[in-house]
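The structure appears below as structure tokens.
Residue numbers begin at 1 in each chain, while the letters A, B, ... track the order of the sequences. Just so you know, these numbers use all the heavy atoms, side chains as well, and skip hydrogens, waters and symmetry mates. On a predicted model such as this, the values are computed, not experimentally measured, just so you know.
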2 protein chains.
Amino acid sequence: MDEFAILQSTPLFRGLSAADLDGLLGRLGAVRRSYNRGAVLVQAGQPSHSVGVVLAGAIEAARLGPDGSRLPITRMGPGGVFGDVLGGSSLTSPVTVTARAPCEVLLIPYDQLLRPEGSAAGQRVLQNLVRSISDKYFLLARRVDLLLLRSLRAKVSAYLLSEAERAGQLTFRIPFTRAQLADYLNCDRSALSRELGRMQREGLLDTYRSSFKLLQPDALRKLSQ
Amino acid sequence: MDEFAILQSTPLFRGLSAADLDGLLGRLGAVRRSYNRGAVLVQAGQPSHSVGVVLAGAIEAARLGPDGSRLPITRMGPGGVFGDVLGGSSLTSPVTVTARAPCEVLLIPYDQLLRPEGSAAGQRVLQNLVRSISDKYFLLARRVDLLLLRSLRAKVSAYLLSEAERAGQLTFRIPFTRAQLADYLNCDRSALSRELGRMQREGLLDTYRSSFKLLQPDALRKLSQ
DNA sequence: AAATTACCGTTGCGAGGGCAACAAAGCCCC
DNA sequence: GGGGCTTTGTTGCCCTCGCAACGGTAATTT
């Protein structure tokens with residue numbers, strides 16, 4: 001059963017041995033569920049009292065725009081953790097979570113997670129839970145930083161630089177299509193294409209589809225302000 | 001000692017009796033510190049391993065812009081909790097926390113907070129800690145929602161409606177000056193004044209300084225999209 | 001290979017809003 | 001009351017970027 005491998009790789013259970021996990025899951029009251037494609041795991045407007053870990057397949061969280069359109073927020077594959085931020089609050093879910101593909105999910109009651117049991121494993125999971133939420137906070141904060149930039153060129157420069165830093169090199173691929181990147185940066189897709197074209201003509205970068213190569217990172221750094 | 005009253009009102013210690021608190025603080029290894037105005041509590045770029053609770057006075061968190069200017073992020077008075085989000089991650093602080101006024105602060109080592117001790121009080125604090133971080137996440141998410149709106153009028157409408165909802169009435173005061181609100185909405189101050197003037201002339205609202213009165217909330221709701 | 005569907009680049013148009021500069025009004029302290 | 005500082009309103013200029021429409025290329029299906 002290599003499901004343990006996935007669990008050990010998920011942020012929530014990082015640092016635990018298979019033996020730790022085996023004992024822990026039972027005490028936490030974790031249950032395993034299967035969902036068909038399109039099934040709803042969490043309904044927007046409803047409270048949710050458990051943390052989910054994706055074991056197989058993929059899920060998607062989306063909101064309903066005021067006009068009724070679906071606004072995708074995020075997607076997760078095996079190892080993904082959802083419901084962690086919401087569980088901490090007393091709010092109802094702002095997002096609907098659906099199965100993007102047939103999937104297996106581990107559901108853990110939230111109150112059990114917060115119940116200390118003295119074991120080192122339980123403590124570690126707690127630490128991981130807090131870490132997981134904090135990481136999502138900083139992920140959001142990073143996006144705010146981008147959204148605050150005044151010009152489109154600054155947004156693009158800042159985003160590409162941060163991706164280059166994450167990749168550790170100046171040539172990298174981004175996890176977005178053009179349209180998705182435009183959404184992320186909150187700009188028009190054609191305007192984004194236009195700007196990328198300009199920057200390419202100016203010799204700042206090279207791009208084809210999701211692939212990017214930063215030619216003048218220092219110049220980009222100046223622009224990203 | 002009405003310091004207990006402040007502690008009991010802080011998100012971190014909500015729901016605890018004075019007796020609970022008395023025993024808990026010692027076991028958590030909490031220490032009390034005093035700071036003069038301008039003193040640095042947390043230095044940007046440095047890690048921080050404790051959660052702070054403001055007992056008296058006020059603190060301010062600020063970042064350094066790329067040009068070296070100070071960008072204030074948030075302010076906190078008695079009851080305010082800081083360092084909670086950061087402690088969950090392994091990052092260094094993105095903000096510098098300084099004393100805006102002479103202040104008293106309670107510092108609690110982060111690892112002690114995550115160490116379960118079986119007591120109901122400890123468990124409650126843990127729950128509160130997670131809640132505190134989650135709340136900050138949703139606060140940020142709320143701002144993202146505003147920043148994503150396309151037009152300035154939509155931003156203003158959405159912001160004012162949410163403030164009205166918070167206040168529970170259509171007449172209320174906002175915690176910002178014009179310039180601060182412009183920063184929050186990420187727009188130009190003069191553009192904001194212009195837009196507010198227009199909306200006032202159209203009979204949508206009334207405003208003087210920080211005071212607002214929404215005259216046509218339904219119309220604003222349509223605009224905030 | 002044709003057809004259908006994503007994905008991406010390009011361009012013209014026009015307005016929203018950034019920027020700068022100035023003026024008026026409120027506030028504080030002497 | 002008068003000088004200085006802060007906050008807010010106003011206005012002209014003009015550039016960026018949203019919007020809409022179209023064409024071209026890659027990916028996928030039949």
>> If you count heavy atoms of other groups shown closer than 6.0 angstrom to CZ of Arg33(A), is the number above 12?
In response: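 Open: at most 12 neighbouring heavy atoms sit under 6.0 Å from CZ of Arg33(A).
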>> Within a 6.0 Å radius of atom CD on Glu165(A), are there more than 12 heavy atoms belonging to other residues, nucleotides or ligands?
In response: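 No - once you tally the heavy atoms of other residues, nucleotides and ligands closer than 6.0 Å, there are 12 at most.
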>> Between the opening five pairs and the closing five pairs of the helix from dA1(C)-dT30(D) to dC30(C)-dG1(D), how far apart are the helix axes, to 10°?
In response: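 One end axis against the other gives 50°.
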> Is the closest basic N to carboxylate O distance between Arg142(A) and Asp145(A) below 4.0 Å?
Replying inline: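 Between Asp145(A) and Arg142(A) there is no salt bridge, as every charged N stays at least 4.0 Å from the carboxylate O atoms.
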>> Return a single string for nucleotides 10-18 of chain C, one symbol per nucleotide in 5' to 3' order, where B is base contact, S is sugar-phosphate-only contact and - is none, cutoff 4.0 angstrom on heavy atoms.
In response: BBB----BB
Whole angstrom value for the distance that separates [atom2] of [N] from [atom1] of [X]:
{"X": "Phe176(A)", "N": "dA6(C)", "atom1": "CZ", "atom2": "C1'", "result": "18 Å"}
{"X": "Leu149(A)", "N": "dC17(D)", "atom1": "CG", "atom2": "C1'", "result": "16 Å"}
{"X": "Leu148(B)", "N": "dG18(D)", "atom1": "CG", "atom2": "P", "result": "13 Å"}

>> Holding to side chain to side chain contact (heavy atoms under 4.5 Å, CB included), I want the full list of residues that pass it with Lys222(B), two or more places apart in sequence or in another chain.
In response: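 Expected list: none.
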> Among side-chain atoms of Thr92(A) and Gln46(A), is any donor-acceptor pair under 3.5 angstrom?
Replying inline: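 Checked: Thr92(A)/Gln46(A) side chains show no N/O donor-acceptor pair below 3.5 Å.
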> Applying salt bridge (Lys or Arg N to Asp or Glu O under 4.0 Å), which residue pairs with at least one partner in residues 199-216 of chain B are found, sequence neighbours left out?
Replying inline: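 For residues 199-216 of chain B, and leaving out neighbouring residues, the salt bridge (Lys or Arg N to Asp or Glu O under 4.0 Å) pairs sorted by first residue read Arg153(B)-Glu202(B).
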>> Give me each pair satisfying salt bridge (Lys or Arg N to Asp or Glu O under 4.0 Å) with a member in residues 172-182 of chain B, each pair once, sequence neighbours excluded.
In response: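 Residue pairs passing salt bridge (Lys or Arg N to Asp or Glu O under 4.0 Å), neighbours aside: none found.
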>> Treating Arg37(B) as the side-chain partner and Pro102(B) as the backbone partner, does any N or O pair qualify as donor plus acceptor under 3.5 Å?
In response: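 Looks like no, no N/O pair under 3.5 Å.
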> Do Thr10(A) side-chain atoms and Leu7(A) backbone N/O form a donor-acceptor pair below 3.5 Å?
Replying inline: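 A pair under 3.5 Å: no.
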>> Pair Phe82(B), Thr74(B) - check side-chain contact (heavy atoms from CB on, under 4.5 Å), show working.
In response: CA-CA 10 Å; Phe82(B) 63 93; Thr74(B) 186; over 6 Å; no
> Going by heavy atoms closer than 4.0 Å, what residues in residues 206-225 of chain B are next to DNA chain C?
Replying inline: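 Residues of residues 206-225 of chain B that come under 4.0 Å of DNA chain C are, in numerical order, Tyr208(B), Arg209(B).
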